[in-house]
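Structure, as structure tokens:
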2 protein chains.
Amino acid sequence: MSPSRRTRRATGRGHSGGGARHGTAAGQALTGSVEDYVKAIYELAGASGGAAATTDIADRLAIAPPSVSGMLRRLAALELLTHEPYKGVTLTAAGRRAALRMLRRHRVIETYLARQLDYPWDRVHAEAERLEHAASDELIDRMASTLGEPAVDPHGAPIPSREGTMADIPQRMLADQPVGARTRVTSVSDDDPALLRYVASLDIRPGASVTVVERGPFEGPLTVRVSGKGGTERQHVVGLAVARAVNVDAPRGPARRGG
Amino acid sequence: MSPSRRTRRATGRGHSGGGARHGTAAGQALTGSVEDYVKAIYELAGASGGAAATTDIADRLAIAPPSVSGMLRRLAALELLTHEPYKGVTLTAAGRRAALRMLRRHRVIETYLARQLDYPWDRVHAEAERLEHAASDELIDRMASTLGEPAVDPHGAPIPSREGTMADIPQRMLADQPVGARTRVTSVSDDDPALLRYVASLDIRPGASVTVVERGPFEGPLTVRVSGKGGTERQHVVGLAVARAVNVDAPRGPARRGG
DNA sequence: TTGTAAAGTTAGGCGCACCTAAATATTCTG
DNA sequence: CAGAATATTTAGGTGCGCCTAACTTTACAA
């Protein structure tokens, strides 16, 4: 068994340690870390191509700011973003492409887990967070195809297409809606399972109608009326954290009429 | 946004760098590397608890022998194996448990990909090789449950149970069968996609009947008669690499009668 | 039994991705 | 506009998991 060994190793990895784990077909092979950074920056800066701050990235990835500083230098060298020291970073076209690819992976996986494997709403995120780095493009596409190319994930977030385009659904936080506005829930932020479970227990899900009935003073809690799919109508008082996690579409005409 | 950061980071990762990526519920949290080593050693040493050689491990993982030496020391510290320097390594009970867990993950994923996502036979292995490290135990169990707790993977290898036990199907290589023996294919080694495609093209799959008709001299090629499921009967000359990748169960009575 | 080939180990390095502590730049506030 | 608070970067360090080169142990054969 001796000659085969040298041969195989000589063919594969070349020289020094560390490095990328697996190929991804699109462009270079990115590590899981790089993928996480790019996705986080995209989510912070938005599709508009704005800048993201070091501290915000650090916060989102639960990493110390100096570590982020160092990594940003490497991401800039990879031409995934431009870095103006002390100012912030902006994704390049390649960076946005990489980010949208990860967003697609994440959301396709979430949708697949929920629909095909009966995963509960609040657990798909954590599972997808790990699988999105390990799945091949083929697997993602097979999942999407099995699901009939879904347009949104279980939390209502739009799924980027295979080609890397995403519907730009205008999002506004429930927290910003005026009293009396009748809105439709488009999506719910998915990164806190406990909050997600709580929101679901209030029947606040994509598609539900929510009307702001009252608003406490000094950024206080909101009283909202929720019309679920089954015609149910309930009223709740929710804190700002909840109101900020819920995104709604355009107001659907003033709800109040007689008062 | 400043106070939340310190808090979150202080809660999570503690101090120094590197380390495990994600928890696995069973025992400690093992890195992907550790999982690969343990699985490889199990496959080399067999369920019988034999010893594995450094070079063989290195060969199987496509890693240089000194790297393996170093890692074995760490695996020994984790009490997953015992290491007699210059002799070889033997998995402990914990090591065998960890290996069987990985084997289950790998084979459940392979089966799921093939049955639910129409993955071709020869591509499930590579995909599973990456997913097995990222999937949670919950996901594996949901997959297995969806499939009706399958007993074997697409290549015929037995799937360890949730509790970590595996049917010990006696395996013998087709290459070792005597001329005239009529055997049933139990499994086909899955790590070489090209070989797998070739074997499939000969209708040699788990369940097929194979009779050794002739055997070339000096470890030469074998002539085999293959009876597929559809009652087809074909004859092929296969090389030793193929004959060694195909495992068969007990001979099913002598096939020849008048000869 | 002794000499050599093969297998295995030690020694010394490297890149990645993280860390803390300390310096520096920017932004707010009085 | 000075000083404080905050954001960011530099400096120096760690463990992991790999590498090559060189050495040691073991196994086999003359």
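Being a predicted model, the structure only gives us computed values, none of them experimental. Numbers restart at 1 for each chain; the letters A, B, ... are given by sequence-line order, proteins then strands.
Between B:Thr31 and D:dC16 there is no side-chain N or O to OP1 or OP2 distance below 4.0 Å. Contact annotation: A:Arg73 reaches the phosphate of D:dT10 (side-chain N/O to OP1 or OP2, under 4.0 Å). In this model, the phosphate group of D:dC16 is not approached by any side-chain N or O of B:Tyr37 to a distance below 4.0 Å at OP1 or OP2. The phosphate of C:dC18 (OP1 or OP2) has no side-chain N or O of A:Ser67 nearer than 4.0 angstrom. The side chain of B:His83 places an N or O atom within less than 4.0 Å of a non-bridging phosphate oxygen (OP1 or OP2) of C:dT9.
One can place CG of A:Leu75 at 12 Å from P of D:dT9, the figure rounded to the nearest angstrom. As a whole-Å value, the separation of B:Arg74 CZ from D:dC18 C1' is 10 Å. Atom CG of A:Asp59 and atom P of D:dA7 are 10 Å apart (whole Å). Atom P of nucleotide D:dT9 and atom CE of A:Met71 are separated by 14 Å, given to the nearest angstrom. In this structure, the CD1 atom of B:Ile57 is 15 Å from the P atom of D:dG17, given to the nearest Å. As rounded to whole Å, 7 Å separates atom P of C:dT9 from atom CG of B:Leu72.
Checking C:dA17, C:dC19, D:dT10 against the side-chain heavy atoms of A:Ile63 singles out C:dC19 as nearest.
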Taking distance alone, no hydrogens or angles, what donor-acceptor pairs closer than 3.5 Å link side-chain atoms of residues 187-194 of chain A to residues at least two apart or in another chain?
unit_1	atom_1	unit_2	atom_2	d
A:Ser187	OG	A:Asn247	ND2	3.2
A:Asp190	OD2	A:His125	ND1	3.0
A:Asp192	OD1	A:Ala194	N	3.0
A:Asp192	OD1	A:Leu195	N	3.3

Name every donor-acceptor pair, under 3.5 Å, that has one atom in a side chain of residues 92-99 of chain A and the other anywhere in the protein, sequence neighbours excluded.
unit_1	atom_1	unit_2	atom_2	d
A:Thr92	OG1	A:Glu79	O	2.8
A:Thr92	OG1	A:Leu80	O	3.1
A:Thr92	OG1	A:Ala94	N	3.4
A:Thr92	OG1	A:Gly95	N	3.1
A:Arg96	NH1	A:Leu91	O	3.3

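Using a cutoff of 4.0 Å between basic side-chain nitrogens and carboxylate oxygens, A:Arg104 and A:Asp137 are not scored as salt-bridged. Using a 4.0 Å cut-off between charged nitrogen and carboxylate oxygen, A:Arg123 and A:Glu127 do not count as a salt-bridge pair. In summary, A:Glu35 and A:Arg105 do not engage in a salt bridge, as defined by a charged side-chain N under 4.0 Å from a carboxylate O.
Among residues two or more places apart in sequence or in another chain, the side-chain contact (heavy atoms from CB on, under 4.5 Å) test is passed with A:Arg73 by none.
Counting only heavy atoms from C-beta outward, the side chains of A:Leu72 and A:Ile41 approach each other to under 4.5 Å.
Here B:Thr54 lies in heavy-atom contact (under 4.0 Å) with sugar-phosphate atoms only. At a threshold of 4.0 angstrom between heavy atoms, the contacts of A:Ser33 are confined to the sugar-phosphate backbone, with no base atom among them.
When only modelled atom types and interatomic distance are considered, B:Asp153 and B:His106 share no side-chain donor-acceptor pair under 3.5 Å.
Among pairs with a residue in residues 41-85 of chain B, none fulfils ring-ring contact (aromatic ring centres under 6.0 Å, His included), at least two apart in sequence or across chains.
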Using a 3.5 Å limit on both pairing distances, list the dot-bracket string of DNA chain C from the 5' end; Watson-Crick and G-U wobble pairs count, crossing pairs take [ ], interstrand pairs take |.
||||||||||||||||||||||||||||||
Annotated protein contacts, base or backbone, on nucleotides 22-28 of chain C with a non-hydrogen cut-off under 4.0 Å, one of B, S, - each
--BSS--
